[in-house]
Amino acid sequence: MHLSEQEIIRRDNLDKIRDLGIDPYPAELFEVTTHARTIKENFTEGDPVMQDVVLAGRLMMNRVMGKASFGELQDTTGRIQIYVSRDEICPGEDKTLYNDVYKKLLDIGDYIGVRGFVFLTKTGELTVHVKELRLLSKSLRPLPVVKTRKNEATGEDEVYDAFTDPEQRYRQRYVDLIVNPQVRQIFLKRSRIITTMRAFFDAQGWLEVETPILQPVHGGAAARPFKTHHNTLDMPLYLRIANELYLKRLIVGGYDGVYEFGKMFRNEGMDRTHNPEFTSMEIYVAYKDYHWMMEMVETCLEQVAVAVNGNTVVQVGDKAINFAGPYRRISMYEAIEEYTGIDISEMDEAQLREVCKQLHIPVEASMGKGKLIDEIFGEKVEDHLIQPTYITDYPIEMTPLAKKHRSKDGLVERFELFVNGKEIANAYTELNDPIDQRARFEEQLQLAARGDEEAMALDEDFLRALEFGMPPTSGLGIGIDRLTMLMTDQHSIQEVLFFPQMRPEKQG
RNA sequence: GAUUCCGUAGCUCAGCCGGUAGAGCACUUGACUUUUAAUCAAGGGGCCCUGGGUUCGAAUCCCAGCGGAAUCACCA
């Protein structure tokens, strides 16, 4: 094992600490009474609570000035300065704890616990005056030290030696999280998005459920799956590309509302908006339709935006996006007509091909009517949908799991929510007519026979469930990663996943 | 998968009209009891991504590979 000079020094320090009879990895708990941010938010001069505080965290900076030192302690809430003086932590004759342990044997990144009182230095910095100090865990690798200084002219923090290499940041996310506080913020927001949605659904009495990830038939969406094998049953299994058909089985079973946050797996390309595993939230509510669902989504996303950013307006790049409802609603055909000037509502497959040619949109022979419309929409309309917009009433060919439109022939009751030019949610009035559902699956089989690799597989057990009867139901799916990208103003999915998929690291 | 760019100290980067390496921070030693990118003095640290080629000589030029990023194509 090759060790750098700095790693050797740290291991050497570890040995010296042990030689002094100090356990560098103590087993017992260390009870903290407060956190850095709590102190900064609540400090008032003379407050008795601030006279005795216990904090723990990483030592992230240390300025030794002879018999006294200033360090910075970083806990889960942020950083606070600590003041350590020799004669305070070593009241007797033995000055080892300060002279040797604190000044020489502690390293940046070590976990320490301190007890002391809070005061303001003469430069006005809130500081913990340390009376007791102990080592909680030794760090053996040097952290990249990121320094910031306030620019006097602009008043903004300038960052020096930032830890920025994306490869290292994603592969060693733990380091990224330690030294880049803005990264930790993104994931706090991600968590808040999920907890806000969960609380909203729970308040309505809907049930959070878990459904199979390993599925014998990969239904519910159009995508290439990951395939695996179960040894005992000696059968192929697929990692789910969607959980829709299982959640509907639970509606058949009698629950009024079910939802699941979960990973989906799709064996397709990777780029800044696609990761092989991603998180979706799917919800199904009985006795509702897609109009109701649009209102529900507006209420939910408005709450999420406020919970995450304190405002319904979210700044995404140079655009201010307002999540306060109601959102614009426009049908797919109207949207295409608005942005191309062409009314395709009465066209057949051959006419649509002609339109694609006219608009210079490349198409393939395997594409059916639904796919062609989807291509035109993706090419000509999507990018214009910046503020939250519902696109409604999709052609039946694209959507084998949605109910036929109550009044418009050839369409289904479906909407997708577009924000900043990207789809983030998809919802239907769910198809609950088992005869129609079987016919739709059979149309998909015909598309598959034409060479459409994304055509949906037929699931006999799901059809059996529908034949027992599913109440009228509306269902919704939201891409949590993309929603998080929007809410945190990130333009890469890797920035909102703790551990994005990477090639295996070469050992060297 | 295609195109372009990148890979030098723990971190951020310079060196690339070929002569075996530099800066700042970090690290080591010393000074300093209210500092804050602390300061001052001295010092150590590098298979310059890997392999091959050209050359007396390659971090530097050429080829291939590996890894990464951006853009495009497919998909959520």
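In the text below, chain A, chain B and the rest are named by the order of the sequence lines, each starting its count at 1.
- Side chains of A:Arg240 and A:Thr211: a donor on one and an acceptor on the other come within 3.5 Å.
- The residue A:Asn275 sits close to a base: some heavy atom pair falls under 4.0 Å.
- In this structure, the nucleotide among B:U12, B:A69, B:U33 sitting nearest to the side chain of A:Asp165 is B:U12.
- A donor-acceptor pair shorter than 3.5 Å can be found between the side chains of A:Glu416 and A:Tyr394.
- In this structure, A:Tyr98 reaches neither bases nor backbone, as no heavy-atom distance under 4.0 Å exists between it and the strands shown.
- With both ends at atom C1', the span from B:C32 to B:G24 equals 23 Å, rounded to whole Å.
- You'll find that the side chain of A:Gln81 is closest to B:U35, out of B:C27, B:U12, B:U35.
- Centroid-to-centroid, the aromatic rings of A:Phe377 and A:Phe418 come within less than 6.0 Å.
- B:C13: Watson-Crick or G-U partner is B:G22, with both key distances under 3.5 Å.
- Distance CD1 (A:Ile9) to P (B:U29): 8 Å, rounded to an integer number of Å.
- Among the heavy atoms of the strands lying under 4.0 Å from A:Thr164 are primed sugar atoms or P, OP1, OP2 only; no base atom is included.
- Spacing between B:A59 and B:C13 at atom C1', rounded to whole Å, works out to 15 Å.
- Close to B:A26, at under 4.0 Å from its OP1 or OP2, lies a side-chain N or O of A:Lys147.
- OP1 and OP2 of B:U35 both lie 4.0 Å or more from every side-chain N or O belonging to A:Arg63.
- Between A:Phe187 and A:Phe498, the ring centre distance stays below 6.0 Å.
- Taking the six-membered ring for Trp and thresholds of 30 and 60 degrees, A:Tyr390 and A:Phe415 have ring planes more than 60 degrees apart, a perpendicular arrangement.
- Contact annotation: A:Arg171 side-chain N/O to B:G67 OP1/OP2 distance is not under 4.0 Å.
- Under the 4.0 Å criterion applied to side-chain N and carboxylate O atoms, A:Glu277 and A:Arg266 are not assigned as salt-bridge partners.
- Residue A:Glu416 is out of contact with every strand shown, counting any heavy-atom pair closer than 4.0 Å.
- Rounded to whole Å, atom C1' of B:A37 lies 7 Å from atom CE of A:Met61.
- Comparing B:U35, B:G30, B:G10 against the side chain of A:Thr121 picks out B:U35 as the nearest.
- Taking every side-chain heavy atom of A:Phe119 into account, B:U34 is the closest of B:U35, B:U34, B:G44.
- Side-chain proximity of A:Gln168 to the nucleotides B:A38, B:U12, B:C27 is greatest for B:U12.
- Spacing between atom CZ of A:Phe70 and atom P of B:U34 amounts to 7 Å, rounded to whole angstrom units.
- The base of B:G67 does not come close enough to the side chain of A:Glu167 for any donor and acceptor atom to sit less than 3.5 Å apart.
- Using a 4.0 Å cut-off, no side-chain N or O of A:Gln6 falls inside it from OP1 or OP2 of B:G45.
- Among the protein residues, A:Lys103 comes within range of no part of the nucleic acid, since none of its heavy atoms lies under 4.0 Å from any strand.
- With a cut-off of 3.5 Å on both pairing distances, B:U34 has no Watson-Crick or G-U wobble partner at all.
- Taking atom P on both B:G53 and B:A42, the two are 46 Å apart, rounded to the nearest angstrom.
- Rounded to whole Å, the P atom of B:U20 lies 33 Å from the corresponding atom of B:U29.
- Between A:Tyr98 and A:Tyr102, the ring planes lie parallel to each other; the angle is under 30°, not in the 30° to 60° tilted range.
- Of the nucleotides present, B:G68 is the one that pairs with B:C5 by Watson-Crick or G-U wobble criteria, both distances under 3.5 Å.
- Across all strands shown, A:Asp87 has heavy atoms under 4.0 Å from base atoms, whether or not it also approaches the sugar-phosphate.
- Comparing B:C48 with B:G30, their C1' atoms are spaced 33 Å from each other, to the whole Å.
- Within the 4.0 angstrom heavy-atom criterion, no nucleotide atom of any strand lies near A:Met264.
- B:A59 is unpaired under the Watson-Crick or G-U wobble criterion, no partner having all donor-acceptor distances under 3.5 Å.
- Annotation: B:C40 and B:A14 have their C1' atoms spaced 26 Å apart (nearest Å).
- Rounded to whole Å, the separation between the P atoms of B:G68 and B:U28 comes to 34 Å.
- Note on A:Arg272: a side-chain N or O is less than 4.0 Å away from OP1 or OP2 of B:U71.
- Place A:Val64 and A:Pro276 on RNA chain B by their nearest nucleotides, and A:Val64 ends up nearer the 5' end.
- Between the CG atom of A:Leu143 and the C1' atom of B:U12 there is a distance of 15 Å, given to the nearest Å.
- In this structure, A:Ile89 atom CD1 and B:U33 atom P are separated by 15 Å, rounded to whole Å.
- A donor-acceptor pair shorter than 3.5 Å cannot be found between the side chains of A:Asn99 and A:Arg86.
- Below the 3.5 angstrom threshold, one finds a donor paired with an acceptor across the side chain of A:Tyr83 and the base of B:U33.
- Distance A:Ile82 CD1 to B:U33 C1': 15 Å, rounded to the nearest Å.
- Summary of the strand contacts: A:Ile108 and A:Lys67 both lie near RNA chain B, and taking for each the nucleotide with the nearest heavy atom, the more 5' one is attributed to A:Ile108.
- Here the P atom of nucleotide B:U29 and the CG atom of A:Asn99 are 13 Å apart, to the nearest Å.
- The distance between atom CD1 of A:Ile8 and atom C1' of B:G46, rounded to the nearest whole Å, is 14 Å.
- The gap from the P atom of B:A58 to that of B:G51 amounts to 14 Å, rounded to the nearest Å.
- At the heavy-atom level, A:Asp271 lies under 4.0 Å from base atoms of the strands shown.
- The pair A:Asp176-A:Arg173 meets the salt-bridge criterion, since a charged nitrogen lies less than 4.0 angstrom from a carboxylate oxygen.
- Closest to the A:Lys122 side chain, of the nucleotides B:A69, B:U34, B:G44, is B:U34.
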